[in-house]
Amino acid sequence: MVIKKSLITLCFLVAQSMAVASPDIQHWQTKNGAEVYFVPSNDLPMVDVRVVFDAGSARDAETGKNLSGTALMTNGLLSEGAAGDDAQVLAEKFEAVGAVFGNGSLKDMAWLSVRSLRDDRYLQPALINLKNIISLPDFSKGAFKREIERLKISVKAGKQSPDSIASQRFFAELYGDHPYAQPSEGTDESLRKIKLKHLKDFYKKYYVAKNAVIGIVGQLTTEEAKKIAMDLVSDLSAGEHAKKLPEVKALAESKTIHIDFPSRQSSVMMGQVGLARGDVDYYALYLGNHAFGGSGFGSRLMQKVREDRGLAYSVYSYFSPMHVQGPFMIGLKTRNDQLGEAMDIIHAELNKYVNEGPGQDELNDSLKNITGGFPLRIDSNKKIVEYLSVIGFYSLPLNHLDTFVGNINQQSKKKVDEALKRRIHPDKMLTVIVGAKNK
Amino acid sequence: MILKKSGAVVVMMVLLSGLSACQTKPEETIQTKLKSSVSESGVYSFMLENGMKVLVKPDHRSPVAVSQVWYKVGSSYEYDGITGVSHALEHMMFKGTRNLKSGEFSEIIAANGGSENAFTGQDYTAYFQRISSDRLELCLQHEADRMRNLQLNEDEFKKEIEVIKEERRSRTDDKPTSLTYERFNAAAFINSSYQQPIIGWMEDLNSMHLDDLSQWYKTWYAPNNATLVVAGDVDPQQIKAWAEKYFGVLKASRIIPPKPRREAKQMGERRITVKLPAKVPYLLMGYKVPVMNTAEDEKEIYALEVLAGVLDGGDSSRLSQYLVRETEIATSAGAGYNPYARQQTLFLFDGSPREGHSINELEAAIKKQILVIQKKPPSIQELNRVKAQVLSASVYEKDSVFYQAMQLGTLETVGVGWQKKDEYLKKIQQVTAQQVQAVAIKYLQDDSLTVATLDPQSTSTKKQKRSKPAAGGRRGH
């Protein structure tokens with residue numbers, strides 16, 4: 001299946017990561033300080049475990065100047081050798097019992113995860129393997145050299161993608177000297193600079209119990225889940241929680257950057273700094289953005305740019321709430337020669353929306369969609385375990401999910417209008433365009 | 001692991017089929033009209049009087065449901081000059097019927113908290129909604145409406161075809177690996193319609209008319225060419241009643257199956273180079289292989305699946321082990337095989353070389369792995385690993401109602417029959433190391449191989465303008 005009618009799912013994902021499930025969440029701490037969130041789920045004989053560390057690329061800058069990529073490399077290297085087992089053996093140990101291992105690192109979070117059958121013959125070896133990866137990584141020279149070379153090629157491949165070029169520049173310009181400015185995957189320069197020692201130091205500092213959140217969903221009793229969580233991090237030192245990230249400074253004036261690139265479409269990213277997790281305006285802006293560019297079909301941007309004029313396949317907007325202010329972003333791709341027309345529409349629509357807010361009917365539609373669609377957000381173990389880690393990671397209240405619908409319903413046109421006016425400044429937008437100029 | 005070690009297309013293949021847990025051979029569904037039956041895996045099936053199939057998979061874990069309507073039509077049903085018409089029609093299916101204005105179906109679903117979309121493949125076009133199960137009836141009602149009452153409008157089409165061209169630029173033209181994959185398919189198939197891109201050639205999109213879509217709609221959109229799949233918190237009897245109420249009243253059409261266009265025998269290796277602005281070289285290799293539908297011996301299909309698992313079923317599989325880690329020739333390398341297609345397809349390999357290694361070295365390294373497995377059957381450990389993964393995947397897949405519905409819809413629509421899903425686990429467990437070796441020997445032969453190489457050209461716009469289309473072009477880097 002190659003073609004979907006739209007990118008709705010993608011936009012939804014971004015929006016969804018903030019809402020949470022209303023299953024009964026149990027919460028406790030391990031002795032050495034890891035926060036554990038557990039939801040029993042007895043229908044399927046399986047278990048999901050997700051361990052999240054405050055060890056994303058936002059921490060690269062704390063390691064040293066121009067060392068972006070350190071967080072990603074550290075996370076990636078854990079499973080390339082641990083407790084004397086090399087990457088091959090570690091992978092075999094998971095796969096021989098049908099377990100699925102995952103890991104990754106973005107700006108805020110770095111995580112490791114395992115999905116396994118419940119039967120102890122499969123589950124226990126998978127958990128022991130995960131524990132070794134988390135607590136006894138080898139950081140061998142060979143694996144380091146291999147993986148950093150692979151990462152360099154990935155960075156190189158990014159330079160053949162208009163979206164990736166645009167995104168990197170967008171974050172660099174928007175965040176200036178803030179750690180969010182640097183790409184998680186690093187740059188040519190930083191990857192030449194990173195040494196194995198940087199990774200070891202990074203690991204020691206951030207892969208510690210007090211900096212960890214564990215999400216568990218599956219066919220387990222509370223006692224079993226407690227034992228699993230305790231064992232998993234028992235060899236980690238308590239350490240300290242990572243410190244608060246610096247505040248973000250918003251751009252003082254608008255800025256437009258056009259990068260010439262031989263693509264048929266121009267990729268546009270336009271935005272400014274938006275929301276932090278737990279922001280007072282979160283619900284108002286989530287709702288306000290939904291009708292503007294967050295809901296796919298039916299959103300203003302989709303209507304004006306795609307449905308009315310056929311100018312784009314994908315056009316959207318979202319807030320991406322992070323530890324400190326994540327971006328508010330509008331994205332669009334259009335044939336190079338229609339760029340001007342498309343940008344005029346976006347500017348006009350944004351101005352109008354911030355001035356007038358959504359129509360009452362639009363707002364009602366959004367409310368119905370968000371509240372009526374709530375059960376879809378929590379209909380699988382996979383989604384629930386991801387929500388657990390978000391709740392834990394951002395210290396959201398345990399009843400975040402129970403209150404989500406209520407919080408959305410409490411918004412009014414007045415609240416939304418005011419929040420939009422207060423938080424979105426059309427005269428201070430950053431715009432990055434990648435595409436062939438003068439075509 | 002920092003980055004996925006499999007290559008891009010193999011990842012695409014997973015998206016495409018995603019069906020590591022089902023299969024079947026063409027088999028007539030012998031079901032009495034309106035009498036429903038329950039399968040081993042808890043799937044209820046019945047057929048409406050007009051010939052429409054209905055499959056229901058109850059799953060009461062959450063108060064949600066997914067509805068999918070699958071049509072037996074896709075890019076492989078198309079012929080020269082109208083490529084992309086199935087997908088274009090899919091877009092226009094959201095543009096109004098005799099009863100609803102353009103976009104209104106989407107609005108109704110959104111107002112009820114649902115999400116909806118559609119997808120087109122080589123062998124199918126499908127429309128779906130995810131929604132609270134108490135709102136499901138709406139989906140069936142309006143899907144039935146647009147099956148027969150679509151209003152194709154010229155003004156809407158003129159805009160939408162431009163949207164589709166933007167989609168093509170975005171998905172294919174501006175993505176070096178996708179564009180290479182498109183050219184690779186075009187080169188690999190001699191006469192099979194699998195040579196055509198699902199989204200269509202730009203040339204064909206430029207000359208497409210509303211009439212092409214009308215014709216296509218009349219030809220293929222009928223209850224007896226469709227399957228309704230519902231999964232989630234539903235009662236099969238209720239679904240049956242709604243299906244009869246909404247779809248049962250629709251008239252059947254005379255459906256003339258597409259011409260077979262079975263692929264002619266390949267007589268020697270085919271090889272192409274794709275030169276375009278890019279940074280990283282990329283290799284694609286494909287061997288012609290049978291699928292469940294075309295297999296003389298079904299065992300071979302399961303053996304080919306296990307072969308793909310031995311080569312690229314996880315980070316411990318051979319391509320990651322030898323190409324990425326031991327020899328460090330590849331930065332990524334993958335293999336993939338999708339047996340759920342109407343026609344013969346390709347056993348794929350893809351990858352990118354590490355800095356300092358060439359595409360030729362990468363190709364030689366992949367061929368060496370093929371030779372190794374042709375000479376010596378896989379080990380018991382490897383076989384057990386693949387089988388364990390298949391077994392666990394059959395449990396994990398139950399975590400997603402959407403995926404469960406996808407499996408049923410795909411199997412049924414490509415002609416394999418949804419019932420094959422029930423046999424899958426057992427059949428995989430029966431595969432022997434010798435069978436895996438045997439299919440590697442039989443099918444991974446140079447004479448049926450196609451190779452495509454992405455040869456990166458400068459991405460600097462300035463140089464390009466000055467040097468015009470240089471005849472030879474430079475080699476990568």
Side-chain angles (χ1 to χ4, degrees), chain A residues 1-6 8 12 43-46 72-73 76 79 87-88 91-92 95-98 103 115 117 146-147 149-151 153-154 156-157 159-160 162 260-265 295 297-298 306 309-310 312-314 333-335 365 368-369 371-373 375-376 379-382 436, chain B residues 1-3 15-16 61-64 87 90-91 94 103 106-107 110-115 117-121 130 132 159-160 162-163 166-167 169-170 173-174 176 198-199 277-280 314-316 321 325 328 331 352 354-355 384-385 388-389 391-392 395-396 398-400 459 461 464:
Chain A
M1 156 203 34
V2 171
I3 319 297
K4 281 203 181 159
K5 178 171 153 252
S6 81
I8 278 189
F12 259 76
D43 296 320
L44 298 174
M46 55 189 273
L72 183 65
M73 276 297 294
S79 54
Q88 181 65 25
E92 278 169 7
E95 289 162 8
V97 291
N103 66 330
R115 166 167 273 197
L117 295 177
R146 179 181 70 233
E147 294 303 309
E149 287 305 316
R150 293 184 61 232
L151 188 53
I153 294 195
S154 169
K156 196 171 168 185
K159 293 177 184 164
Q160 67 191 29
D260 203 11
F261 189 80
S263 50
R264 285 149 192 86
Q265 282 182 319
S295 63
F297 291 97
R306 175 170 162 165
R309 294 179 181 80
Y313 171 67
S314 112
K333 290 205 272 189
T334 189
R335 203 173 69 204
D365 287 348
K368 280 193 270 182
N369 179 254
T371 58
L376 294 170
D379 66 356
S380 69
N381 292 4
K382 183 170 182 281
Chain B
M1 170 173 59
I2 290 176
L3 311 151
L15 269 178
L16 242 157
R61 298 196 308 146
S62 283
V64 301
H87 172 249
E90 177 228 293
H91 273 240
F94 293 80
S106 303
E107 285 168 23
N112 283 281
S115 64
N117 217 319
F119 48 85
T120 306
R130 297 168 61 242
S132 275
K159 288 182 289 181
E160 199 60 27
E162 295 306 318
V163 170
E166 292 293 350
E167 182 179 355
R169 289 180 192 105
S170 174
D173 297 328
D174 284 343
I198 294 168
I199 200 162
K279 295 286 186 187
V280 179
D315 209 27
S316 74
Q321 181 180 7
R325 286 195 295 265
E328 300 192 1
T331 188
S352 285
R354 274 269 297 266
E355 204 73 50
N384 286 346
R385 188 257 299 163
Q389 288 175 304
L391 177 73
S392 56
V395 174
Y396 305 155
K398 296 196 172 75
D399 195 35
S400 161
T459 55
T461 44
Q464 274 202 337

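Just so you know, these numbers use all the heavy atoms, side chains as well, and skip hydrogens, waters and symmetry mates. What you are looking at is a predicted structure, and each value in this text was computed from that prediction instead of being measured. Just so it is clear: chains get the letters A, B, ... in the order the sequence lines come, proteins before strands, and each one is counted from 1.
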**Report entry** Side chain / backbone / both / neither for A:Ala157 at chain B, heavy atoms under 4.5 Å
**Finding:** both
Query - Taking every non-hydrogen atom, the tightest pair across A:Leu117 and B:Tyr396 - result: N-OH, 3.3 Å
Query raised in the report: Looking at B:Ser400, B:Ser132, B:Ala110, B:Ala388, which makes the most heavy-atom pairs under 4.5 Å with chain A?
Result: B:Ala110
Report summary line: Cut-off 4.5 Å, heavy atoms of chain B, and the answer for A:Arg309 is backbone
Query raised in the report: Can you tell me if NZ on A:Lys382 sees more than 12 non-hydrogen neighbours from other groups inside 6.0 Å?
Result: no
Query raised in the report: Are B:Thr331 and A:Glu149 close enough that some pair of their side-chain heavy atoms sits under 4.5 Å apart?
Result: no
**Report entry** Options A:Lys159, A:Met46, A:Glu92, A:Arg335, ranked by heavy-atom pairs under 4.5 Å with chain B, top entry
**Finding:** A:Arg335
Query - B:Glu355 bridged to A:Lys156 by N-O distance under 4.0 Å - result: yes
Query raised in the report: Non-hydrogen atoms of chain A under 4.5 Å away: do they reach the side chain of B:Ser62, the backbone, both or neither?
Result: side chain
Report task. Examine whether an atom of B:Ser170 lies under 4.5 Å from a heavy atom of chain A, and if so say whether it belongs to the side chain, the backbone or both; otherwise answer neither. Result -> both
Query raised in the report: Could you give the distance from CD (B:Glu167) to CD (A:Gln265), rounded to the nearest 0.5 Å?
Result: 10.0 Å
Query raised in the report: Closest approach of B:Thr459 and A:Pro262, non-hydrogen atoms and distance?
Result: O-CD, 3.0 Å
Query raised in the report: Backbone N or O of B:Ser316 within a donor-acceptor pair of the A:Glu95 side chain at under 3.5 Å?
Result: yes
Query raised in the report: Quick one: what part of B:Glu107 sits under 4.5 Å from any heavy atom of chain A, side chain, backbone, both or neither?
Result: neither
**Report entry** Partners passing salt bridge (charged side-chain N to carboxylate O under 4.0 Å, His left out) against A:Lys368 (at least two apart in sequence or in another chain)
**Finding:** none
Report summary line: Interface check, chain B: of A:Val97, A:Thr334, A:Asp43, A:Ile153, most non-hydrogen pairs under 4.5 Å belong to A:Ile153
Requested in this report: Select one option (side chain, backbone, both, neither) describing which atoms of A:Pro162 are under 4.5 Å from chain B's heavy atoms.
Outcome: side chain
Query raised in the report: Sub-3.5 Å donor-acceptor pair from the side chain of B:Asp399 to the main-chain atoms of A:Ser380, do we have one?
Result: no
Requested in this report: For B:Lys398, check side chain to side chain contact (heavy atoms under 4.5 Å, CB included) against everything at least two apart and list the hits.
Outcome: A:Leu44, B:Gln404
Requested in this report: Check whether any side-chain heavy atom of B:Val280 lies under 4.5 Å from a side-chain heavy atom of A:Gln160, and answer yes or no.
Outcome: yes
**Report entry** Approximate separation, where rounding is to 0.5 Å, of A:Gln88 CD and B:Arg325 CZ
**Finding:** 4.5 Å
Query raised in the report: Is it the side chain or the backbone of B:Asp173 that comes within 4.5 Å of chain A heavy atoms, both, or neither?
Result: both
Query - Aromatic ring pairing B:His91/A:Tyr313, orientation class (parallel under 30°, perpendicular over 60°, tilted between) - result: tilted
Requested in this report: Answer yes or no: is there a donor N or O on one side and an acceptor on the other, between the side chain of B:Asp315 and the main chain of A:Ala91, under 3.5 Å?
Outcome: no
Query raised in the report: Is a salt bridge present between B:Asp174 and A:Lys333, judged by a nitrogen-to-oxygen distance below 4.0 Å?
Result: no
Query raised in the report: Do B:Arg61 and A:Asn381 come within less than 4.5 Å of each other through their side chains, counting heavy atoms only?
Result: yes
